[in-house]
Every structure is written in structure tokens, then in C-alpha cells.
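Letters A, B, ... are given to chains in the order of the sequence lines, protein chains preceding strands, and every chain is numbered from 1.
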Amino acid sequence: MRDALGRVENVFVLGGTSEIGLEIATALVEERGARCVVLAGRDVGALDAAGDQLRAAGAVAHAVEFDAADVGSHEELVEKVWSEHGDQDVTVLAFGVLGDHEAAEGSGGAASVIARVNYLGAVSILTPLGTRLEEQGHGQLVVLSSTAAVRPRSNNYVYASSKAGLDALARGLGDRLAGSAVHVLTVRPGFVHTRMTEGMSPAPFATTREVVARQVLRGLDRGRSMVYAPPALRWVAPLLRVMPRALWRRLSERV
Amino acid sequence: MTVAARAERRLLRGWGRALGSVAEVIPVACTEDVVATLADGGARGAVPRGLGRSYGDAALNAGGHVLDTTSLRGATPPALRGDRVTVDAGASIGELVRDLVPRGWFVPVTPGTRHVTVGGAIAADVHGKNHPTDGSFGRHVESFRLVTPAGVHEVDDRTDPETFRATVGGMGLTGVITRATLRLRPVETAHMRVTDQRVDDLDATLAALESAAARYAVAWIDASVGGTRLGRGVVSTADHALRHELPASEDRDPLALGPERRPVAPPVPVRLVHRASVRLFNRLRWQAAPRRPTARVAPLTSFFYPLDRVSDWPVLYGPRGFVQYQFVVPPGEARLLTAVLEALVREPVPCGLAVLKRLGPGDGAPLSFPMEGWTLAVDLPVAVPRLRELVTGFDRAVAAAGGRVYLAKDACLSPDTFPTMYPHVDSWQRVRDRVDPERRLRSDLGRRLGLTPEGGDAG
């Protein structure tokens, strides 16, 4: 149960090998006293290894198999986590693929993999998750969207469209759950230095997973519905949205 | 209509507004209603809730049932027999006072607000400004009717001391109290003979409280000044005024209570309790008090219920709310009071209310708060940076000193520190397992402290 000063007990991470998801979980263990973390992902071996970081910080870590693209299994997964591990105070939706944009431009199959994981997978898991949290009567849900959701670029529009869908889903769910003591926090990081972005040239306002985790914890403390990382993007994002198209195209070609 | 059909799912918050959860709120009007709702169960249990004055999560039960006990009262007024009164547990202390004072009786122990139910006063084992003399509320309870999932029990301290003591201070987790018989105190008037004196530092405050000869004693502390003025405050001591002590204007009807005026604080979207506003308020309040002990005769309600002057005052703390941190430390550990006040000034935490009292020995109820020593209550806005670290440090120091925090106020105690503060929790759990083996009585407080685990492996 979360206390008045933001300390929590149980954390559930969907996308348990995601560096950002793991960083958030670690911060919740180290700074908010979380005792038990359930990591859900495709590769149970990798999840176990990821759990070592949390165990080192003093928590109990469990691995549970979860495939975002296997939408038929999601309701069962939610039931399993709750029946085996009890109430979840913070749930983090951190899975997602960047994909190979060039391949996605040319292949409907490659493009739809991105959409299937990032959007369809999220729709399918967030729906039973929202219901479960509503029944539980308390809880916080962190959804990792992206600044790309604000406006697509010519070189990332498939990924951006999947995040835009996820972003709308999270905000809508947050509004539906307003007044239900379930708090939904949508997170829009900019370019984050991780394995997923390795080798890419960083966009302006590039940030680290530590900054993302810090912003998430602040947002949870303050009951915010949206946070950016780095925080300055909060002021930049509205400008991206209204920028004239010609200028936007020219700018986005450079990054 | 069945009892469960009256349920309404809604968001409930603690009085400090920092914690909230959604539950099925079920109004219960009689013992039979309570029996029916507890039998019905539900997957996440039930907890009674009266007027919602517990500051944290004691009267919350996320996703489960919350039994609204405020309609748990008959149409008949409290039944007075000798110095005993039998009342429905949903009646408030305020209603009791309004009914009994004109008949020459007063409640033997009252908290700083009259908007608590009799059931809640027993479940939190509330104390007043007269604890060294009179003990806590439970000491004056002759018996009560307790509804547990196993049935209806008439409980008193002689025939079933274990259940009695587990329920006094048990925060509603041993069952639902529906009726109680209390021993009363006779009064000649509805007034108090109050003596106020402002004092310059903590030592003087402690000395004034220690030497107080009156039945009631309390100190308000200016928690925004440090250094040599640390712990300065206003000490008020009081006794019930006797009839011949009243001014002639009140003598005609000495037991008449004044009218109740309750201005409502406007809903504010921002926090108004800030460092500057609090410093100013505290300073003016201290300066307004007399330098030398000064006696006055005051209406009973204005002495006992300063918090009731403004309804819904917690809104002043803004949307994130506040934690009321109340702890007690043994008499020899007064240095902890200094440490806490120093930390609040150093941080600084804008602390709108700080109240210090002396407590006498406790009565052996395992989850009851009062124990011999000093108790300090401070309002801490949640929005203050680093409050988590600060309060965690306070908790550890209080536990190490053999003290404890008050569960009716608590919103942030960790399950690791809790058993150190309440070392007899095991004996409480044994009674609970007897009266509620299936653990149908559950609350968010119980979940947080590990008293009522929800299943899974983290409890």
C-alpha cells in the first residue's frame, strides 16, 4: 500500500528488460522503499538477470513471461500477477520497439510489427490492467510514451504513430479513471541514450534513463498526469506541435 | 432493500487528504445491518468508518467495503442511568455533549474535535488534555456491543478483557462497535476556568505542563522559531468552572451551551500554508497570549474544540494534503522533542499547528497510543521537499527511544518500524485471529502495516 509520503510496496513492470523500465523500478526500490518487483517480458532468463539489479538494491524480484504481441494471453497474465503477488502499487508499461524505420517504410510486415507491439499490445494489456486497478481501488500506472507522439517525423513516423496511439490511450484511460484513486501518469521522454538508440545520432534534448526515472518519481509524488524528460521538453513540445510544416520538415531532416 | 444494495462506490480520503482510495460505502443503521454486511464479506473485506476524522488510512479500504456508521443511532436520545450513559456508536461526541451538558454531565475524555463518533473514539482510544489524571477514552467505557464476523458480542473489561483491550485502540479491525455504555463526569456549568500563559522556550513549556495542577493542560507551540526561542508557546490549563465562579451574566443558565458557529473554509486549489504565512500566524498568536498566568472563564466548546471553529480546514493545505505527525516519547526522552522541533525549523517545514501534552501511563491495550511521556502533534504539508527522509528519521528515533506514533493520525509509518513501537501487536493478532479468523475486517492502514495482508508474497 502506498503511504502519504509516496513509499510503495509492490511494483509491476511490463517490459522488464527495458532499460528505462528497470531504471524506474530501481529508483522505486532505492528511493521509495518498494519491496517486491514483478518483471514481465519475453525472455525469462534475461528478466532474471535484470532482477539482480533490484535484488542488489534490497527488493525481491520475480520474472513472469509476457509477450506484448501475443494479445490472447494478456488477461490471464494480469490475473496471474495479482493472484500470486497481491495488490500492485505501481505498474509501469515500458515495453516497446523502435524498429528499423527504413525496413518499415518498405515493408508492411516490418511496419506492422512496430504497431502490433507498441500499440496493439498496449491496448490489449492496458484494458484488463485498468479494470484490475479500478477494482483494487488504488494504484499508479506509468505509461512510457514518447515525445515522438507529439509530431511524427519523416524518418520515424511508423514508431511515432504507434506511440501517438499509445499516448492517446493512456491519457484517455487516465481521464476515465479520474476520481477512482487510480492515477495514470503518461511519460514523454525525448531521445534517451539506451541500447535501443545505440549508434543513432542523438536528437536535441537527448537525455538519460536516470533523468526519466527521476521525472517519473516526481510525477507520481505530485499526482501529475503527464511528465517530460528532460523537463524542459514540456515547454518545447507545444512549439513542435504548431511549427509550420515546411520548417518542421527541414528541421527533422537534420536529426 | 438489502443492505448491500445501498452500497455506493466512491472515493474516500483521510482527514489529512494525503491518502485516498475507492470503496463500496455501505450505510449501516443498526446491529442487524452490520451483521448482514460482515456476513456478505466481499473479496477485500470491510472496515467501519464514522465521521472520517482519522488523518491517514485507518478508515479506508481500497476496493473493499466501508461501513458508514454515522447513521448507526436510534431515534431515542442517549439513555442516562446514574452516571452511565448508553449510546449508539454512530452518535458523535458533539451530539453527546449537546445532549448531556444541559443535564449536568460531560464526557470524561474528549479529543480536540467533537466530530468523532463514539465507536471511533473507542476504536482509536482517543485521549484528551486530561490524560495524566483520567487516562484515555477506553478507561471510561463500561461495555460495548461488538459485531464480528462470528456474531454479536457484549464486551466488557471484566468478562472478556482480551477482546475489550484489542478493540480499544484496535482501529476497527476486531469488529464494528454498535453501542456503548460510558461513565460520565458531572459538571456544574458549561464553562471552563482557563489559565493561559506564554512561555519562552521548550524547557519552560515542559515545566509549565509538568507542574500544572489543573485537570486539563495543553501547550500550543510556535514551531517556526528556533535557537533560544525553540519550543516557545502558550500553555493553557483548565478545570470545569464551578457555578459560583461564573460571571453574573452566565449565572442564570449555567449549563447552557452557546450556539455553534462553523464558518466553512473556501475550497482552495493551492496550498495556503506556507513558511511566511505560518511564521506570521504563529508569531501573532504567541504575542497575543498573556506574559503572566491569566485566568478567564470560557465556554467549554471553545476550550475543548479549537479545531472545530472552521469546517474542512484541511483544504488550506492544498490538494496534496498534510500528514499530522503525532508521537509520544517516555518522560526521560524530552530531548527528542528538541530534535524534532529543531529539524522542522532547520528544514524549514511550515508547521501550522504544533501541540504538546503530557500523557500518563497507558491502560494495556496493545494498539492503544497513550503511554507515559510527552506527546507532540505537528501538521506537516506533504508538498514540503525531503519530508519523507525527515519523517523516516523521526520514526526511527521515536521507536529507538521506546515511543510510538498514533495510528489514528498515521499515514506513513513503515511496517518494519511498527512492531517496535507496538511490541504487543502479537497478542492483538491472537485476539483478532479468534474473533475474525478469515480476516474480513481490513483497512488500508492494516494493509500498509501488515496487520491485514492481502495475499501474494509481499505481505
Side-chain angles (χ1 to χ4, degrees), chain A residues 1-12 28-38 54 58-62 64 79-90 130-140 176-183 217-225, chain B residues 9-14 16-24 43-44 55-57 60-64 66 319-325 380 382-392 395 409-416 443-450 452-459:
Chain A
M1 217 50 223
R2 180 179 174 272
D3 76 12
L5 301 177
R7 274 180 300 224
V8 296
E9 262 175 71
N10 297 347
V11 176
F12 176 28
L28 286 168
V29 171
E30 288 176 347
E31 294 169 41
R32 297 294 185 274
R35 291 150 189 269
C36 171
V37 182
V38 178
L54 301 166
V60 178
H62 300 279
V64 50
E79 277 318 303
K80 178 182 152 83
V81 168
W82 257 261
S83 68
E84 288 179 11
H85 303 290
D87 281 13
Q88 299 303 315
D89 301 322
V90 184
T131 307
R132 199 71 193 77
L133 290 172
E134 203 175 11
E135 282 168 9
Q136 176 181 284
H138 71 102
Q140 298 183 305
R176 191 195 108 197
L177 295 176
S180 75
V182 177
H183 165 208
L217 262 54
R218 277 167 63 96
L220 290 177
D221 280 349
R222 292 166 188 221
R224 293 269 159 81
S225 55
Chain B
R9 196 173 174 87
R10 64 188 160 92
L11 175 65
L12 298 172
R13 297 175 99 174
R17 299 165 61 88
L19 287 172
S21 63
V22 167
E24 301 283 338
R44 296 175 66 85
Y55 285 76
D57 46 9
L60 305 177
N61 182 22
V66 168
R320 290 179 67 187
F322 69 100
V323 169
Q324 183 167 87
Y325 189 71
L380 310 174
V382 169
V384 169
R386 285 183 23 89
L387 194 62
R388 186 169 31 245
E389 292 78 0
L390 203 64
V391 173
T392 309
D395 277 343
K409 311 264 177 102
D410 175 51
C412 50
L413 182 60
S414 110
D416 303 328
S443 65
D444 287 0
L445 175 92
R447 285 188 185 94
R448 179 164 57 79
L449 297 179
T452 55
E454 202 58 60
D457 58 1

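When all heavy atoms of A/Arg35 and B/Ser414 are compared, the closest pair comes out as NH2-OG, 4.4 Å. Between B/Arg388 and A/Gly6 the shortest heavy-atom distance is NH1-CA, 4.1 Å. In terms of heavy-atom proximity, A/Ala181 sits nearest to B/Gly20 at CB-O, 3.9 Å. Here the closest heavy-atom approach between residue B/Ala411 and residue A/Asp3 is recorded as O-CB, 3.2 Å. A/Arg2 and B/Leu19 make their closest contact through O-CD2, 3.8 Å (heavy atoms, listed as atom of the first residue, atom of the second, distance).
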Verdict with reasoning, B/Asp444 to A/His138, per side-chain contact (heavy atoms from CB on, under 4.5 Å): CA-CA 10 Å; B/Asp444 287 0; A/His138 71 102; 5.7 Å; no
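For B/Arg13, no part sits under 4.5 Å from any heavy atom of chain A, backbone or side chain. Contacts between B/Arg320 and chain A at a heavy-atom distance below 4.5 Å involve the side chain alone, from C-beta outward. Of the atoms belonging to A/Arg32, it is side-chain heavy atoms, and not backbone ones, that fall under 4.5 Å from chain B.
For the options B/Pro319, B/Cys412, B/Ala18, B/Gly56, heavy-atom pairs under 4.5 Å to chain A are most numerous at B/Cys412. Between chain A and the residues B/Asp410, B/Thr392, B/Val323, the largest count of heavy-atom pairs under 4.5 Å involves B/Thr392.
With a 6.0 Å radius and a threshold of 12 heavy atoms from other residues, nucleotides or ligands, A/Arg176 has its CZ atom above the threshold.
Of the possible polar contacts, none joining the B/Arg448 side chain to the A/Met1 backbone as a donor-acceptor pair under 3.5 Å is found.
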